[in-house]
Each structure stands twice: as C-alpha cells, then as structure tokens.
Amino acid sequence: MLGYSTKSLKSKPVGVSMKTPSILKEFLKAEAQSLGFVALGVADARPVPEEVREHYRHEVTTYGVGDMTYLLKNEDVRFDPARLLPGVKSIVVLAFNYYPPILQEKKVPQIAYFAYGKDYHRVLKDKLYILLEKLKHHCEEPFKARPFVDSAPLTERFWAREAGVGRLGRNGLIIVPHYGSFCFLSEILLTLHLPPDAPLIGSPCEGCSRCIKACPAHAILADGSFEATRCISYQTIERKDTDETDPKTPTHHIFGCDICQQVCPHNQNLSPHKEENFLLNERLRTMNKEDWENLTPEEFDQLFEASPLQRSGYKGILRNLKALEKKKQ
Ligand code: SF4
Ligand code: SF4
C-alpha cells in the first residue's frame, strides 16, 4: 500500500497555457470515473463551523465512544483541515459504490457488505494515488496533496455534504444521489484551488423512519442522534472485550450490520459495483456456523489476509459467533 505524501507534486512543464481550475476539476472527475468512483465533489477548505463541532461533541459525550477512544483525540485537527495540510485550499470528496452483485446465503452468519472482499482502505488509497499521479502530470503548477480513506480525523460527512456528494440520512450515513448509502467515502486535500460544488443541504428522509424502526439495537434515535456503542457494527468490530454481544440485539451478524441501509428507500434497486477487489470472497458466501468454528487461526489468516475481517480478527469473530448462540437461547 502506498504511504501518505505531503511532498510537493511538481508537474512537468506542458506548453505555455495554464489549465484553468475548471479544466482541472473536469479532468479529475473524468479520471475518477474511469477508476470506478461514482461521485466527486469539491468544497472550499476552511475550519468546520461551530454547530458541526457542537453536534460532534454532543454525540461523543452524551453516548460515549466505548473502545473507539480515537474519536476523542485530535479535536484541533478534526475541525481544521489546514492542520492536516498547511495551505490546503480544496477538499475533494469521492464516493465509491460497494453494493454487491452477489450476496451471502441468507441462512449463514452474516458479514456486512463492505467486508465482502478486500479491505477498502488499501484498494481506495491506491486509486487515490493513481488519481493524484494523473493530476500531477496534467497540472502545470506545483501543488501538495494528501489522500485519506478513514485514515485521518476528518469530519467526513460534513465535507461530503459541503462538496455536494450526498445528504446525511437519519441512519448517520451519507446518501449519494442514484447510488444510495452503500458507498465508501474518501478525500483528497489539495493546495490547488478547484471550483467548489454547491452543498447538498436538507434531509433525504422526508418523514421516513424506516431505519429507526428496523434497527435491532435501537442505536438510531428519533432526535437524529446516533448511539454508536449500541450499534452492532461497534459491538462486532470495534469492541475489544471478550464478553458476548448484547443479547438484546437478535441478529444474525458476526461482522458489521447493514439492516438500516437495507431498509432505506434510497437503497432499493441499486446498481451493483464492478470492482473485482470488492467481490464476495467465495468461501464467505456459504460459510455456516460449523465452518467458522472449524476454521483454524492459520486458515483464517490465509483466507482473509487482505480482508476487513482482520480488524476484529479470528478471536473477535469467534466471540461474535458465541454471541449468536447466546441470543438463540
Ligand atoms: S448498522 Fe445495524 S445496529 Fe447499527 S444502526 Fe444500523 S441497523 Fe442499527
Ligand atoms: S431509512 Fe428513511 S429515515 Fe432512514 S436514512 Fe433512509 S430515508 Fe432516512
């Protein structure tokens, strides 16, 4: 995987005419599309407004962060992109569809769609670097850039709305027009100034409350808050202790959860992704409880070497399997 780069990306001299910011942006959009991204928007970089900060602080202090203590750190960086890249002028937000063409069998322990294939952090970071290389060769002025895929404290959902990439649903996820919420978000901070897009404001929910009703963990609250530590994704992925999952959440999930997305009207009749790296691991499709229990740690590592499942690891998955058993009692 490629590492971060804050070094100046010096371009080769190309002719005498400077490309305008609009031309550069259109170039970036076309290249992003050819790499498989389904949306790209640009926001002017600036400190995050106070009301967004307040909402963030309210959620983490009211409902806690459990083992996600990183959410409490680096507040100065989180709310000011210039702390990540001095001189930043534009924030490019990109969305990548991961709605799968083939699903797991319904009766086997369920894995969230985002973890069907290879780890998206690696796959998308590599694509962002390819995109930056292309921009470097196309742009006549030197610039600095930093790409991120969940790899820095950025208020990602705020920037996605600012850049016109999507609206924030009550399930806490960005809903991208035509592609719904099964989209990975990533960002590029640039010292180049590109023309900003119009922010997407307003709620996409229009009186709907399907996700609130469907959430088995009651993690989505009617007032628009999200109690992250109740969420099955937290319980099955981020939680570090060895206790069984809260038995009040009777689902069939052993890694993540998609229920609040599956019920969302914006996620019906979606076009599946075409990214080979995100295709369902063939073993995962049919692996039942016994298959999981018979898997050795070595086999787990071999089978899921580049998978997001490594985040909870072999022991975490076994803990989650035991929790399924407890829920059945
Ligand atoms: S992912 Fe599952 S548990 Fe978490 S909020 Fe959505 S429905 Fe609830
Ligand atoms: S299910 Fe309904 S309320 Fe929830 S995010 Fe989708 S549109 Fe909004």
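Atoms within a ligand are numbered from 1 in the order they appear, just like the ligands themselves.
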Which residue and heavy atom of the protein sit nearest atom 4 (Fe) of ligand 2, plus the separation: C211 SG, 2.3 Å
For C264, the ligand 2 atoms whose distance to one of its heavy atoms is below 4.0 Å: 1 (S), 6 (Fe), 7 (S)
Close-contact set for ligand 1 against C215 heavy atoms, below 4.0 Å: 3 (S), 5 (S), 7 (S), 8 (Fe)
Between CD on residue E275 and CZ on residue F96, distance to nearest 0.5 Å: 4.5 Å
Note, L324 side chain near K289 side chain (heavy atom, < 4.5 Å): no
Heavy-atom nearest neighbour in the protein, as seen from atom 8 (Fe) of ligand 2, with distance rounded to 0.1 Å: C205 SG, 2.3 Å
Subset of ligand 1 atoms that lie under 4.0 Å from at least one heavy atom of I232: 3 (S), 4 (Fe)
Side-chain donor-acceptor contact under 3.5 Å, D258 with H253: no
Subset of ligand 1 atoms that lie under 4.0 Å from at least one heavy atom of I259: 7 (S)
Test ring pair (Phe, Tyr, Trp, His ring centres under 6.0 Å) applied to Y98 and F278, step by step: CA-CA 7 Å; Y98 70 87; F278 296 151; 7.6 Å; no
Nearest-option assignment for atom 5 (S) of ligand 2, heavy atoms, candidates H266, R170, R167: R170
Interatomic distance, S181 atom OG to L168 atom CG [nearest 0.5 angstrom]: 10.5 Å
Contact check, side chains of P216 and I232, non-hydrogen atoms, under 4.5 Å: yes
Proximal ligand 1 atoms for I220, defined as those under 4.0 Å from one of its heavy atoms: 5 (S)
Proximity of Y56 and F158 rings by center, below 6.0 Å: no
Contact check, F226 vs ligand 1, heavy-atom distance below 4.0 Å: yes
Which segment of N171 sits under 4.0 Å of ligand 1 when only heavy atoms are counted: neither
Shortest protein heavy-atom distance from atom 2 (Fe) of ligand 2, along with the residue and atom involved: C208 SG, 2.3 Å
Any side-chain donor near an acceptor of the partner, N267 and Y99, under 3.5 Å: no
C260 backbone or side-chain N/O/S under 2.8 Å from atom 6 (Fe) of ligand 1: yes
